[in-house]
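Within every chain, numbering begins at 1; the chains are lettered A, B, ... in the order of the sequence lines, protein sequences first and strands thereafter.
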Amino acid sequence: MENLLRTGIREAVRSLYGKDASDDQLQIQKTRKEFEGDLTLVAFPLASLSQRSPEKTAGEIGEYLAAHLDAVSGYNVIKGFLNVTIAPAEWARTLQEISGVTRYGFMVPGPEAETVVIEYSSPNTNKPLHLGHIRNNLLGFSLSRICEAAGNNVIRTNIVNDRGIHICKSMVAWQKFANGATPATTGKKGDHFVGDYYVLFEKQLREEAEKLIAAGATPEEARDNAPLMQEARRMLVKWEAGDPDTVSLWQMMNSWVYEGFDVTYRALGVEFDKIYYESDTYKVGKEIVLRSLGEGHLVRRDDGSVWIDLTADKLDQKLLLRSDGTAVYMTQDLGTAVIRYNDYHFNRHIYVVGNEQNYHFQVLALTLLRMGYDWAGGLHHFSYGMVELPEGKMKSREGKVVDADDLIAEMTETATVMSQELGKLGGYNETEKRNICRQIGLGALKYYILKVDPRKNMTFNPAESIDFNGNTGPFIQYTYARIRSVMKKAGETGVKAANETVGGVIPNLKEVSVIKLLNDFPALVREAATGMSPALIANYCYELAREFNQFYHDFTILGESDEMLRSFRLRLSEMTGKVLESGLWLLGIEAPERM
RNA sequence: GGUUCCGUAGCUCAGUUGGAUAGAGCAACAGCCUUCUAAGCUGUGGGUCGAGCGUUCGAGUCGCUCCGGAAUCACCA
């Protein structure tokens, strides 16, 4: 519709003023609610072409359009704005057109489609997932679906930080204090089980350190010299040396954690195509660094440590290998990137990682480029903001973290209570009830997190997140369920949306509003992919649901006696349902048939 | 201190490449179920878009300065 108008205006300008308007002189936008019309041409930029005032220009173009374009049924000029009214019948034809499109809004990857690797989640194996990971997982997974919908080949990937001092701490504590307990003997979820020993380690360490401080040590010395800490370090050295007992303990405890993570991932509904482990990739990283050193891209200091000098790019010098030859964080990320490129030859690689690591990813991409890996130009850091609580930042040291599993359980529980109170669960068996409440609880949680611009820090207010009214996931799910209910009833009574008649209706204002939104969907998906913003999809779904609910409230669908109109409204509802379902799908939110 | 990001209604957030009188939800108050699902719909009140200067026909949006907050600048990850 917009393109139609665009060419029309271009013709008008040529015919009226004998000049060609450039793309950025043709500013078309949606007409604001308080004015009459559908699309608005901003005439200010054209005034220089027409040599007339913006008002006069707008008026002349409006007159031309009304005379030459069938789709244009009227216009008005306010200041320098030309508000064009599209004939309502034109919108009916639009509905007919888009409802014939298979997988509306989703592009099929063509031969020239890009391969996009998306890394998200990236947990440490010493403790369970928390609220921060939830934002990461939801953003990453949603983004992966959005990129797919925009016509890319997407590889979902995860990097598990399975080695290092943190897991050694849990291992030491388990060895000393567990008496052979396992998740199986205690009935505890594996990641929580291992996390408990990490916490226990820190607690015992604190006690040891306090004794040393009392004996005159500085806090730093105390932590460093405490027997437990030294034991953890010995453990790490043994691990790196490949000591069989240590390695098998490490494998056992990590396997417990993975079992736990799997449960959480399944509950969240996120998936991966390929999982990488840092215990594999750090070695490749070291090789790459050493090779690059040989090629003269890096510098070795007297103490043997290896650095890259990025001062020419206004960054600092960055350590790539310690003086003892061991790898740092950057080393393994270099390795992981190279392995992934060899695996997939991606065009783009998106890292979904918090904004605290902005600097790290700048350095990562630059370093790879310096080393001669040109594909590193396709590395993007999808940097999202922190999640804070109403009382401030989450602090794992003080136990002020929101556990992922707890949160999911609470949301589901709230949904169950709420559904019961509203009497929504009649006619369901237990399995169905549980499933529907799970869908709603998770829908609320996911939407609450995804509706916020990813770049911004956000406040997670527990009381607000379980609200199911207004701008929430359940509101959108509810709208979808309502539509399904209508469709079901239509099927039962044999009413059908006859496509050939849909385009012949003159829709009312509310109906036009809905169609306009439906018409926006494909462009919005592309925009969300380019801008890497699930929030765009979320807010669109809300707007569409709200607009549809108004229509639903004001007009009857199945009760309409005019057959053509009833058919049209049914098709409008069906299409809205499809788009809502697609939008929710892109957010990783399930759309319940009934609620 | 350097770099980056953020600041919009009491609270949580939208606000397209600069466009008209800055929008939702929550909370508060007042209405609407004999009807396709009231997890809905309608209405009322609520703003110095952190402050100032500049660019522009036009600035919440762009530039500069300042104020406030966050992150980062590790032989941590």
Choosing from B:C36, B:A77, B:A24, which nucleotide comes nearest the side chain of A:Leu558?
-> B:C36
Which part of the nucleic acid does A:Met595 contact within heavy-atom distance under 4.0 Å: base, sugar-phosphate only, or nothing?
-> base
Pair of N/O donor and acceptor under 3.5 Å linking B:A39 base with A:Thr479 side chain = no
Please work out if A:Asp24 contacts a base, only the sugar-phosphate, or nothing of the nucleic acid, heavy-atom cut-off 4.0 Å.
-> nothing
Return the nearest nucleotide to the side chain of A:Gln29; candidates are B:U37, B:A39, B:G19.
-> B:G19
In residues 466-474 of chain A, which residues come under 4.0 Å of RNA chain B by heavy atom?
-> A:Asp467, A:Phe468, A:Asn469, A:Gly470, A:Asn471
Partner residues of A:Arg300 under the salt bridge (charged side-chain N to carboxylate O under 4.0 Å, His left out) criterion, sequence neighbours left out = none
A:Gln357 near the nucleic acid: base, sugar-phosphate alone, or nothing, with a heavy-atom cut-off under 4.0 Å?
-> base
Less than 5.5 Å between centroids and less than 30° between ring planes, does A:Phe44 satisfy that with B:G19?
-> yes
Are A:Arg571 and A:Glu574 close enough for a salt bridge, meaning some N to O gap below 4.0 Å?
-> yes
Donor-acceptor pairs under 3.5 Å, side chain of residues 308-316 of chain A to any protein atom, not counting sequence neighbours: which ones?
residue	atom	partner	partner atom	Å
A:Asp309	OD1	A:Thr311	N	3.0
A:Asp309	OD1	A:Thr311	OG1	2.6
A:Asp309	OD2	A:Thr311	OG1	3.4
A:Asp313	OD2	A:Arg370	NH2	2.8
A:Asp316	OD2	A:Tyr359	OH	3.3

Salt-bridge present (A:Asp280, A:Arg163; N to O < 4.0 Å) = no
Using the C1' atom as the reference point in each nucleotide, state the distance between B:G45 and B:G10 in Å, no decimals.
-> 13 Å
Across the strands shown, which category fits A:Phe81 at heavy-atom distances under 4.0 angstrom: base, sugar-phosphate, nothing?
-> base
Under 4.0 Å protein heavy-atom contacts per nucleotide of nucleotides 2-7 of chain B, with B for base, S for backbone only and - for none | ----SS
Selection from B:A38, B:A20, B:U12 that lies nearest to any side-chain heavy atom of A:Arg32 = B:A20
Side-chain-base donor-acceptor pair under 3.5 Å for A:Lys424 and B:U37 | yes
Could you list by number each residue of residues 550-557 of chain A showing a heavy-atom separation from RNA chain B of less than 4.0 Å, or answer none if no residue does?
-> A:Gln550, A:Tyr552, A:His553, A:Phe555, A:Thr556, A:Ile557
For the side chain of A:Asn126 and the base of B:A77, is some donor closer than 3.5 Å to an acceptor across the two?
-> no
For A:Ile440, which contact category applies under a 4.0 Å heavy-atom criterion: base, sugar-phosphate, or nothing?
-> base
Before accepting this row, confirm whether a basic side-chain N of the pair A:Asp324/A:Arg322 lies closer than 4.0 Å to the acidic partner's carboxylate O.
-> no
So what does A:Ala535 touch, heavy atoms closer than 4.0 Å: a base, only the sugar-phosphate, or nothing?
-> nothing
Which part of the nucleic acid, if any, lies within reach of A:Val42 when heavy atoms closer than 4.0 Å are counted: base, sugar-phosphate only, or nothing?
-> base
For A:Arg135, check salt bridge (charged side-chain N to carboxylate O under 4.0 Å, His left out) against everything at least two apart and list the hits.
-> none
Using a cut-off of 4.0 Å on non-hydrogen atoms, how would the nucleic acid contact of A:Thr40 be classed: base, sugar-phosphate, or nothing?
-> base
Considering only heavy side-chain atoms of A:Arg322, the closest of B:C11, B:C76, B:A14 is B:C76
What are the two closest non-hydrogen atoms of A:Ile440 and A:Ser419, and how far apart are they?
-> CD1-OG, 4.2 Å
Is any side-chain N of the basic residue among A:Glu2 and A:Arg6 closer than 4.0 Å to the acidic one's carboxylate O?
-> yes
For A:Asp520, answer base if it contacts any base atom (sugar-phosphate contacts may also be present), sugar-phosphate if it contacts only those atoms, and nothing otherwise; contact means non-hydrogen atoms under 4.0 Å.
-> nothing
